[in-house]
Amino acid sequence: MKPNSKLLQRLRSWMRGRYGQNDTLNRFLNNLALLLIVISFFIRTGWLLLIAVMLIGISYWRLFSKKIY
């Protein structure tokens, strides 16, 4: 993608003011979700996969949140 493309400019303007960081808590949530997904493949329980998807959802919610504090 070109550095000055319209899509990239729109993405930058949309992300302006949002948290958008991969901080320690987000990394922990993503790693825990990945671990739960791997474990759910071996144990074959649906609730572990559901918890992992919820953790990924929380991580993305924090990523796109405008609450910076």
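Sequence positions, counted from 1, serve as the residue numbers for this chain. Values reported hereafter were calculated over all heavy atoms of this structure, with side chains retained and with hydrogens, waters and symmetry mates removed.
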Out of curiosity, R12 CZ to Q9 CD, how far, rounded to the nearest 0.5 Å?
7.5 Å
Single-linkage hydrophobic cluster, 4.5 Å side-chain cutoff, Y60 and M15 together
yes
Rounded to the nearest 0.5 angstrom, the CZ-CG distance for F42 and L48 is 13.0 Å
Identify, with sequence neighbours excluded, every residue that meets side-chain contact (heavy atoms from CB on, under 4.5 Å) alongside L50.
M54
Can you name the ring-ring contact (aromatic ring centres under 6.0 Å, His included) partners of F64, sequence neighbours left out?
W14
Sort and list the pairs that fulfil salt bridge (charged side-chain N to carboxylate O under 4.0 Å, His left out) and have at least one residue in residues 34-60, not counting sequence neighbours.
none
Using the rule that Ile, Leu, Val, Met, Phe, Trp and Tyr join whenever any side-chain heavy atoms are under 4.5 Å apart, tell me whether L49 and I58 fall into a single cluster.
no
Same cluster or not: V53 versus I43, using hydrophobic residues (I, L, V, M, F, W, Y) connected whenever any side-chain heavy atoms lie under 4.5 Å apart?
no
Residue set satisfying side chain to side chain donor-acceptor pair (under 3.5 Å) with N30, at least two apart, ordered chain then number -> S59
Minimal non-hydrogen separation, N26 against L63, with atom names:
ND2-N, 4.2 Å
Treat each ILVMFWY residue as a node, draw an edge where side-chain heavy atoms are under 4.5 Å apart, and state whether L36 and W47 are in one component.
yes
My understanding is that only residues two or more places apart in sequence, or in another chain, count here; which of them pass side-chain contact (heavy atoms from CB on, under 4.5 Å) with L35?
I39
Quick note, salt bridge (charged side-chain N to carboxylate O under 4.0 Å, His left out) partners involving residues 23-39, not counting sequence neighbours, are D23-R62
So do I56 and L29 actually touch side chain to side chain, heavy atoms under 4.5 Å?
no
